[in-house]
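Just so it is clear, the model here is predicted, and its values are computed rather than measured. The sequence lines fix the lettering, A, B, ..., with proteins before strands; numbering per chain opens at 1.
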Amino acid sequence: MADVKIYLPDNSEKVFDHEPTVLEVAQSIGDRLAKDTVGAQINDNKEIIDLRTPLAHGTQLKIVTLSQPEGLEVIRHSAAHILAQAVQELWPEIQVTIGPVIANGFFYDFGAKTSFTDEQLELIEKRMQEIVKRAAPIELSVLSKQEAIATFKKLGENYKVEIIEDLDVPEVSIYTQGDWFDLCRGPHVQLTSQVKSLKLLSHAGAYWRGDENKDQLQRIYGTAFSNKKELKEHLRLLEEAKKRDHRKLGKELGLFYLNPLSPGGPFFTPKGTVIYNQLQNYMREKYVEFDYQEVITPQIYDVDLYHQSGHYGNYKENMYFTKIDDRDFSVKPMNCPGHCVLYHMEHKSYRDLPYRIADFGRLHRYERSGVMHGLTRVRSFCQDDAHIFCTTDQMQTEIESFMKLLNEVYSTLGMTDYHIYFSTRPKKRMGSEENWDRAEAALENALKHMGLDFEINEGDGAFYGPKLDIMFVDALKRPWQLGTLQCDFNMPDAFNLNYTGSDNTDHRPVMLHRAILGSLERFIGVYLEHTAGRLPLWLSPVQVKILNLTDAQIPYCEELYQQLKAIGLRVELDQRSEKLGYKIREAQTQRVSYLLVVGEKEMESNTVSIRLKNGKTKLAVARSEFFEKIEKEQESRSLDESWVVE
RNA sequence: GCUCAUGUGGCUCAGGGGUAGAGCACACCCUUGGUAAGGGUGAGGUCGCGAGUUCAAUUCUCGCCAUGAGCUCCA
């Protein structure tokens, strides 16, 4: 056989007299590297291949080791196998199905009669540790499809048989560790002992092949890392996420409640409503700046509207209907059809475009009972919704302006980490190819022109047009889809919308649906978790709380209270005869932005002592100085309050 | 909607076939205290709703509702 050359990232090459496996190449470089090798990436491909894969001549090889982030995928995949082995050692009658790697770990679905318990999870994890200790080599073998089917049939592994039967390949790969094996595509680590830091997290039901009409399986979630430290950090983030759960914070801070009398219909308290309204006010200011006009449209429509828009056909399951005097009505699940009606009621000329109308109308969508979740998935909500009717030529400018607006809003809110996804035409779609070409070009050109990074989701657009989705990544690294911009060719058609062009003939406008915060409800939920409830001053329900030390300071505090109120701040005065420590604890847990402590000293020197949300204090600040700074902070919607403590 | 779990004063939870308990919060009293919980007293619950079993149900069984985890869905 001729020489087989393998190229390494530093452009050096290794020569073999046969097609070497990844591991062999690693060995030729060094024992240490070989020991840590868990897979490889070849020819600039992102996919990680198994370390047992033979490499063809001319392959560009990048070895992936245990300690690399890419290695995690392999470790977790092997961890899933160890989980399956542990379960079958403990309960041989339980069948295996599939166990993929997911974002922050892995899961494995089992065909078991009853669900697992927390105690069983502990037992399984212990057994997994044992399997890890055994340091069994993981070996790859290949069986013909028939052999594999026969093998798994004999074992009674019916799910596996079904999987193999559906595979369109002559041979399948089997990974063996000790006396246990599984059908698997790989990749896997070399020894079970390389999965050092693992943890089972939870168990839940799932369906075979994700189909609710098929068998109910028992899923176990877990995670694994290359070292204890990273696992610990991950578990800490999970803990932190629990602490920051907006449902918990909402109760603790008294912002909103849910009640069985209106499932999915949050009740906002006066404090929660402050946040809600401040966000709306802010968006309204931005609308003025970006030339949007706000409108108010009906809540309830004749069902005919939704027949015309097409929602009745496609979205009926999520709509609320009512019949009065033999006439069918629906509560609006979105603003767009109403906006089309509004557009139609005045004759439009090209001079009227772009016609940008914003609407904070309340929307109702009947979500299935199992999907509701705090504020992030509700049945009654409002969006920072707006529709832009424009010509195709105006699209790019409108898109750029939208992205600019979005960026300003997100920066103000301290949401700097976000990603843009551009979804292009799906297979099933409506509208002319020319329209799709122009809309996609407008989106892409806008992003490129602004120098924004984006990722393309090929074929993921709506049937009525391409779109941008904005994915915000929060402080705990969790992604949330908030903002969106969707081009729509369908609705202008459905409502026969026109404008008179400069050529004195009618033309059809394009409709852009867009939102920046998404739903206010959902946004507040996400933002509470992002900030752990420590809101910037302008959003804070209680911005200043005045705490007196003794009754002697009450008049001074009342005067302060009135002055702060007069400059438009949300201020409270706690003059109860409680100890200072008690009042501070309470105000601190309520995340009050500024605590003003007033005792004899402050009163005599006409100052206040300031305590921040973070517990830091600054003594004896002149009243005027505090007023000036806090007004400025309020005015600028600043995120930074560090001026108080140097 | 599906699977499993949960549902006890405003909140967090304990209890358990003989009509209920703690802490916090709340009210009143004492305390006037310098940066995360001072003390006392008191009020507050037909134990999610409905049915069944039982002499007796908040406790057991079933149904419903809601919540949670996950699945599925998400124009």
Rounded distance (Å) that lies between atom [atom2] of [N] and atom [atom1] of [X]:
X       : N      : atom1 : atom2 : result
F267(A) : A66(B) : CZ    : P     : 14 Å
H311(A) : C74(B) : NE2   : P     : 14 Å
L547(A) : A36(B) : CG    : C1'   : 12 Å
Y221(A) : A69(B) : OH    : C1'   : 9 Å
Y366(A) : C74(B) : OH    : C1'   : 15 Å
D109(A) : G70(B) : CG    : P     : 14 Å
R522(A) : C74(B) : CZ    : P     : 15 Å
Q590(A) : A36(B) : CD    : P     : 17 Å

Enter the distance from S262(A):OG to R379(A):CZ here, rounded to the nearest 0.5 Å.
8.5 Å
Taking the same atom, [atom1], in [N] and in [M], what whole-Å distance lies between them?
N      : M      : atom1 : answer
G17(B) : C24(B) : P     : 29 Å
C49(B) : C65(B) : P     : 15 Å
C55(B) : G48(B) : C1'   : 27 Å
G23(B) : U35(B) : P     : 28 Å
A56(B) : G39(B) : C1'   : 43 Å
G40(B) : G45(B) : C1'   : 24 Å
U19(B) : U12(B) : C1'   : 25 Å
G42(B) : G70(B) : P     : 45 Å

Which atom names give the shortest non-hydrogen contact between P333(A) and M319(A), and what distance separates them?
CG-CG, 3.7 Å
Using every non-hydrogen atom in the two residues, find where N158(A) and Q95(A) come nearest and quote the distance to one decimal.
N-OE1, 3.1 Å
Hey, does the side chain of Y582(A) come within less than 4.0 Å of A25(B)'s phosphate (OP1/OP2), counting only N and O?
yes
Which nucleotide sits closest to the side chain of P263(A): U67(B), C71(B), A36(B)?
U67(B)
Closest to the P260(A) side chain: C71(B), G70(B), A66(B)?
A66(B)
Carboxylate-amine/guanidinium proximity below 4.0 Å for [X] and [Y]:
X       : Y       : result
K545(A) : E572(A) : yes
K243(A) : E240(A) : yes
E521(A) : R362(A) : yes
R209(A) : D166(A) : yes

Taking only residues two or more places apart in sequence, or in another chain, which ones meet F627(A) in a ring pair (Phe, Tyr, Trp, His ring centres under 6.0 Å)?
none
Enumerate, in order of first residue number, the stems that involve RNA chain B, defined as 3 or more consecutive Watson-Crick or G-U wobble pairs with both distances under 3.5 Å.
B:1-7 with B:65-71, B:10-13 with B:21-24, B:26-30 with B:38-42, B:48-52 with B:60-64
Are Y418(A) and F472(A) an aromatic pair by the rule of ring centers under 6.0 Å?
no
Would you check if the distance from the ring center of Y366(A) to the ring center of Y320(A) is below 6.0 Å?
yes
Under the 6.0 Å and 45° cation-pi test, does R76(A) pair with F106(A)?
no
Enumerate the protein-to-nucleotides 28-35 of chain B contacts in which both atoms are nitrogen or oxygen and the separation is below 3.5 Å.
residue	atom	partner	partner atom	Å
U31(B)	O4	S577(A)	OG	2.7
U32(B)	O2	D551(A)	N	3.0
U32(B)	N3	D551(A)	OD1	3.2
U32(B)	N3	D551(A)	OD2	3.0
U32(B)	O4	D551(A)	OD2	2.7
G33(B)	N7	L549(A)	O	2.3
G33(B)	O6	L549(A)	O	3.0
G34(B)	O6	E600(A)	N	3.0
G34(B)	O6	K601(A)	N	3.0
G34(B)	N1	E602(A)	OE1	2.8
G34(B)	N1	E602(A)	OE2	3.4
G34(B)	N2	E602(A)	OE1	3.4
G34(B)	N2	E602(A)	OE2	2.7
U35(B)	O3'	R611(A)	NH1	3.4
U35(B)	O2'	R611(A)	NH1	2.8
U35(B)	O2	R611(A)	NH1	3.4

Can you classify the ring geometry of F489(A) versus W436(A) as parallel (below 30°), tilted (30 to 60°) or perpendicular (above 60°)?
perpendicular
Is the ring pair H513(A)/H387(A) parallel, tilted or perpendicular, if the boundaries are 30 and 60 degrees?
perpendicular
Assign each of R219(A) and N259(A) the nucleotide of RNA chain B bearing its closest heavy atom; nearer the 5' end lies the nucleotide of N259(A)
What parts of residues 367-382 of chain A reach RNA chain B, counting only heavy atoms under 4.0 Å away?
R368(A), S369(A), G370(A), V371(A), M372(A), H373(A), G374(A), R377(A)
Under 3.5 Å, which N/O atoms of the protein pair with N/O atoms of nucleotides 4-13 of chain B?
residue	atom	partner	partner atom	Å
U12(B)	OP1	K251(A)	NZ	2.9

How would you list all residue pairs meeting salt bridge (charged side-chain N to carboxylate O under 4.0 Å, His left out) that involve residues 477-497 of chain A, not counting sequence neighbours?
D474(A)-R478(A), R478(A)-E529(A), D493(A)-R508(A)
More than 12 non-hydrogen atoms from neighbouring residues, nucleotides or ligands closer than 6.0 Å to CD on E162(A), yes or no?
yes
